[in-house]
Peer 1: 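Dropping a structure here in structure tokens format, bear with me for questions.
Values below: every heavy atom of this structure, side chains too, minus hydrogens, waters and symmetry copies. As the structure lists them, so they are numbered: ligands from 1, and atoms in each ligand from 1.
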Amino acid sequence: MPEGDTLRRLADRIRNRFAGQRCVRCVTRDPRLVGVDFTGAVLLDADALGKHLMIRFDDGRTLHAHLSMTGSWTVGPAATEPQWRRRIELWMEDGRLTGLDVPILGVVATAKEDTLVGHLGPDLCGQDPPDADEIEGCLRRAPSEPLAAALLDQPNVAGFGNLYAVELPFVVGVSPNQVVGTVDRLDGLVGLGIAMIRTNADRGPQNTTGRRLATPDHWIYARRGRPCPLCGTRLQGWAEGESPWRRVSTWCPVCQAVEPRRSVDLTRARRLLALHPARRQPSFPT
Ligand SMILES: [Zn+2]
């Protein structure tokens, strides 16, 4: 699932493979890219800003992509998918870069990238860790928003997707439906979220349990109707169309009861994440 950590790993792979290489052939199959040709340009850098991918060239242009739910990239070998799914193909000096089913794709002047990403909140997976207090302040701007909706709102904080909007509330024992203004110790959830997504960006793949080797890599995401891994209660959830924030969601009605006020439970989080390498990140709450 393309969230901030996945995009960071993708950008790093593109940079490591192709930075400094010239594009020798460029094919586009997307109406938004008619007339676009990167042939002759040198790929300078690839970067992820929240869930946006920026591939920069030495002629002052940036290829911008947002993968949404469907897009992906093949980095290195030639893609084998049907041509119509290959929206853009760049033959580099050593290998090929192909954008598959990418729903948002365009070209922008590198100096004007801000017009696409200037609205984003602090970037979770940037070079330096984001400021947790600033993120907490952004999340609290709309106190009547459900917690999951606030976490997904990219102008608040850039990089969390639905996996984290389900898993982080579970780990700290707060419902995704609990409105932000009634959540105490939100700073603890933010610190933990930064630690978890940055760990996954460094190591991959996405893992919210810290368990490896054929055990589940997440707690409750997409497990609506199954027993809570902690208390055994049947998990509840929203289908995409039912949810106030238009995304599927899951929660335990007992561990994550909605109350007039509810505090982030860091004792629970530390117990659940006893095996997760996120514990070694500086932002992990002590
Ligand atoms: Zn439970």
Peer 1: Using distance alone, with no hydrogens and no angle criterion, decide if D37 and T39 have a side-chain donor and acceptor under 3.5 Å apart.
Peer 2: yes
Peer 1: Side chains of R270 and F284: does their closest heavy-atom pair fall under 4.5 Å?
Peer 2: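 They are in side-chain contact.
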Peer 1: With side chains defined as the heavy atoms from C-beta onward, is the minimum distance between E93 and V24 less than 4.5 Å?
Peer 2: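 Yes, at least one pair of side-chain atoms sits under 4.5 Å.
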Peer 1: Among residues two or more places apart or on two chains, list those pairs meeting salt bridge (Lys or Arg N to Asp or Glu O under 4.0 Å) that have a residue in residues 102-115.
Peer 2: R56-E113
Peer 1: In this structure, which one of R25, Q83, R29 forms a side chain to side chain donor-acceptor pair (under 3.5 Å) with E89?
Peer 2: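 For E89, the side chain to side chain donor-acceptor pair (under 3.5 Å) check succeeds only for R29.
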Peer 1: What count do you get for protein N/O/S atoms less than 2.8 Å from the Zn ion (ligand 1)?
Peer 2: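 The number of such protein atoms is 4.
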Peer 1: Are D47 and R8 side-chain neighbours, meaning at least one heavy-atom pair lies under 4.5 Å?
Peer 2: yes
